[in-house]
Each structure stands twice: as C-alpha cells, then as structure tokens.
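Notes to accompany the following structure.
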Amino acid sequence: MTGSSKMRMTKEKIMKKGSKELLEHLSQQCSVHITRYKYNNTLNISTNYRKGHLSILNWIQELLYYYLQQEKRIATDLYRTLEDKKKELMQREDNEYRQGVIDALDMGLHLLRQTLKD
C-alpha cells in the first residue's frame with residue numbers, strides 16, 4: 001500500500017465519523033503540528049515561516065474548540081425544543097392525536113435524557 005493510499009484510507013475513515021469525532025481528530029492533529037513547529041528547532045525553516053505557521057495553527061485550534069462547544073450545545077437545544085413543543089401541545093384541546101404526539105415527545109425526551117447521562 002502506497003503512502004497516498006494510506007492517506008486516502010485515513011480520510012475515508014475520518015469522513016465516516018460524526019462531527020464530534022472529526023473535530024477532536026482535527027484538534028489532536030493540530031496539537032501535534034503546533035508542538036512540532038513550536039519546539040523542534042532543527043526544522044530548516046525561517047523564524048517568520050515558523051511564526052506564520054504557528055499563528056494559523058493556533059487560530060485553527062481555537063476555531064475547532066469553538067465548534068466543539070457548539071456541538072455540545074446541540075443536545076441541550078434539542079431537549080429545550082422538545083420541551084417547548086410539549087408545553088405548547090398541553091394548551092391544546094385534549095384528544096387522542098394530541099396524546100399520541102405528547103407520548104412520542106415524552107419518549108424522545110426520555111431517550112435524550114438517558115443519552116445525556118452516558
């Protein structure tokens with residue numbers, strides 16, 4: 001297997017992962033490169049090149065952190081949206097349709113609570 005086919009395999013595996021795993025993988029790779037360019041004084045590069053490289057790697061790292069935080073908020077936002085929908089439905093006329101929707105929302109909320117505990 002050639003180097004490029006190994007790289008392609010890695011890219012394919014990464015693209016199959018969820019957003020959290022992808023962001024964490026990119027952050028880890030960024031940290032590796034930051035360490036390399038920050039502490040490896042044997043690299044044959046200019047000081048300005050090193051500064052520019054580190055500057056953008058640190059910016060990317062901050063951007064990845066921001067998106068990881070956004071990803072964490074998704075579950076909370078989803079829970080809040082389901083709760084709001086349930087409260088809205090509780091104000092409507094009591095009938096079988098409404099009860100079916102509320103039961104499904106309760107099931108979704110329960111599953112989400114269980115998932116957030118893990």
Side-chain angles (χ1 to χ4, degrees):
M1 191 179 299
T2 66
S4 63
S5 62
K6 283 183 184 176
M7 180 79 92
R8 201 172 316 120
M9 289 279 288
T10 302
K11 286 180 185 177
E12 290 170 2
K13 286 181 184 176
I14 290 170
M15 295 311 290
K16 288 181 181 177
K17 294 181 182 234
S19 60
K20 181 181 177 190
E21 291 83 9
L22 175 63
L23 292 169
E24 287 172 343
H25 175 79
L26 292 172
S27 180
Q28 180 185 23
Q29 291 302 309
C30 214
S31 293
V32 167
H33 287 278
I34 288 171
T35 301
R36 179 174 182 234
Y37 280 88
K38 191 171 186 176
Y39 298 108
N40 188 344
N41 293 325
T42 62
L43 294 174
N44 190 21
I45 56 174
S46 72
T47 302
N48 281 336
Y49 179 89
R50 182 186 307 269
K51 285 181 182 178
H53 204 83
L54 284 169
S55 175
I56 200 65
L57 285 173
N58 284 315
W59 178 79
I60 291 170
Q61 191 76 309
E62 289 173 11
L63 190 61
L64 291 168
Y65 177 78
Y66 169 79
Y67 281 110
L68 276 166
Q69 296 307 306
Q70 291 296 100
E71 197 275 337
K72 287 180 182 177
R73 290 186 189 106
I74 290 171
T76 304
D77 290 346
L78 176 60
Y79 189 86
R80 200 172 295 132
T81 302
L82 294 177
E83 278 284 332
D84 290 346
K85 188 65 171 178
K86 182 179 174 184
K87 287 176 187 174
E88 174 190 322
L89 288 166
M90 294 301 284
Q91 303 303 316
R92 296 207 174 163
E93 181 183 339
D94 189 16
N95 59 38
E96 287 183 8
Y97 178 85
R98 182 192 89 148
Q99 192 57 50
V101 173
I102 290 172
D103 289 348
L105 283 169
D106 283 339
M107 184 179 65
L109 288 164
H110 175 75
L111 290 171
L112 193 52
R113 276 192 296 272
Q114 293 301 315
T115 302
L116 292 173
K117 283 182 184 179
D118 297 339

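Predicted model, so just to flag it, every value in this text is computed and none were measured.
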The criterion is salt bridge (charged side-chain N to carboxylate O under 4.0 Å, His left out); which residues satisfy it with Glu62, sequence neighbours excluded? none
Who pairs with Gln61 by side chain to side chain contact (heavy atoms under 4.5 Å, CB included), at least two apart in sequence or on another chain? Ser27, Cys30, Ser31, Ile34, Leu64
Say whether Ile74 and Leu68 are linked into one hydrophobic cluster, either directly or through other cluster members, by side-chain heavy-atom distances under 4.5 angstrom. no
For Met107, which fellow cluster members are found when Ile, Leu, Val, Met, Phe, Trp and Tyr are connected by side-chain heavy-atom distances below 4.5 angstrom, either directly or through intermediates? Leu111
What salt bridge (charged side-chain N to carboxylate O under 4.0 Å, His left out) pairs are there with at least one residue in residues 93-103, not counting sequence neighbours? Asp94-Arg98
Once rounded to the nearest 0.5 Å, what's the spacing between atom NE2 of His110 and atom CZ of Arg113? 7.0 Å
For Leu63, check side chain to side chain contact (heavy atoms under 4.5 Å, CB included) against everything at least two apart and list the hits. Trp59, Tyr67
Any chance you could measure Leu109, atom CG, to Ile102, atom CD1, to the nearest 0.5 Å? 11.0 Å
Partners of Asn58 by side chain to side chain donor-acceptor pair (under 3.5 Å), sequence neighbours excluded? none
Among the clusters formed by ILVMFWY side chains lying less than 4.5 Å apart, do Leu57 and Tyr65 turn up in the same one? no
Please name all residues satisfying ring-ring contact (aromatic ring centres under 6.0 Å, His included) with Tyr79, sequence neighbours left out, ordered by chain then number. none
For residues 47-56, please give each side-chain donor-acceptor pair under 3.5 Å, one per line with the distance, not counting sequence neighbours.
from	atom 1	to	atom 2	distance (Å)
Arg50	NH1	Tyr37	O	2.5
Arg50	NH1	Asn40	O	3.1
Arg50	NH2	Asn40	O	3.4

Across all chains, not counting sequence neighbours, the salt bridge (charged side-chain N to carboxylate O under 4.0 Å, His left out) partners of Arg36 are none
Would you compute the distance between atom CD of Glu71 and atom CG of Leu22 and round it to the nearest 0.5 angstrom? 10.5 Å
Partners meeting side chain to side chain contact (heavy atoms under 4.5 Å, CB included) with Val32 (sequence neighbours left out): none
Show your working on salt bridge (charged side-chain N to carboxylate O under 4.0 Å, His left out) between Arg80 and Glu83 and close with a plain yes or no. CA-CA 5 Å; Arg80 200 172 295 132; Glu83 278 284 332; over 6 Å; no
Point-to-point distance, once rounded to the nearest 0.5 Å, from CD1 of Ile60 to CD of Gln29: 12.5 Å
In Å and rounded to the nearest 0.5 Å, what is the OH to CG distance from Tyr97 to Leu89? 8.5 Å
Any residue meeting side chain to side chain donor-acceptor pair (under 3.5 Å) with Gln70, in chain and number order, not counting sequence neighbours: Arg73
According to salt bridge (charged side-chain N to carboxylate O under 4.0 Å, His left out), who are the partners of Lys38, at least two apart in sequence or on a separate chain? none
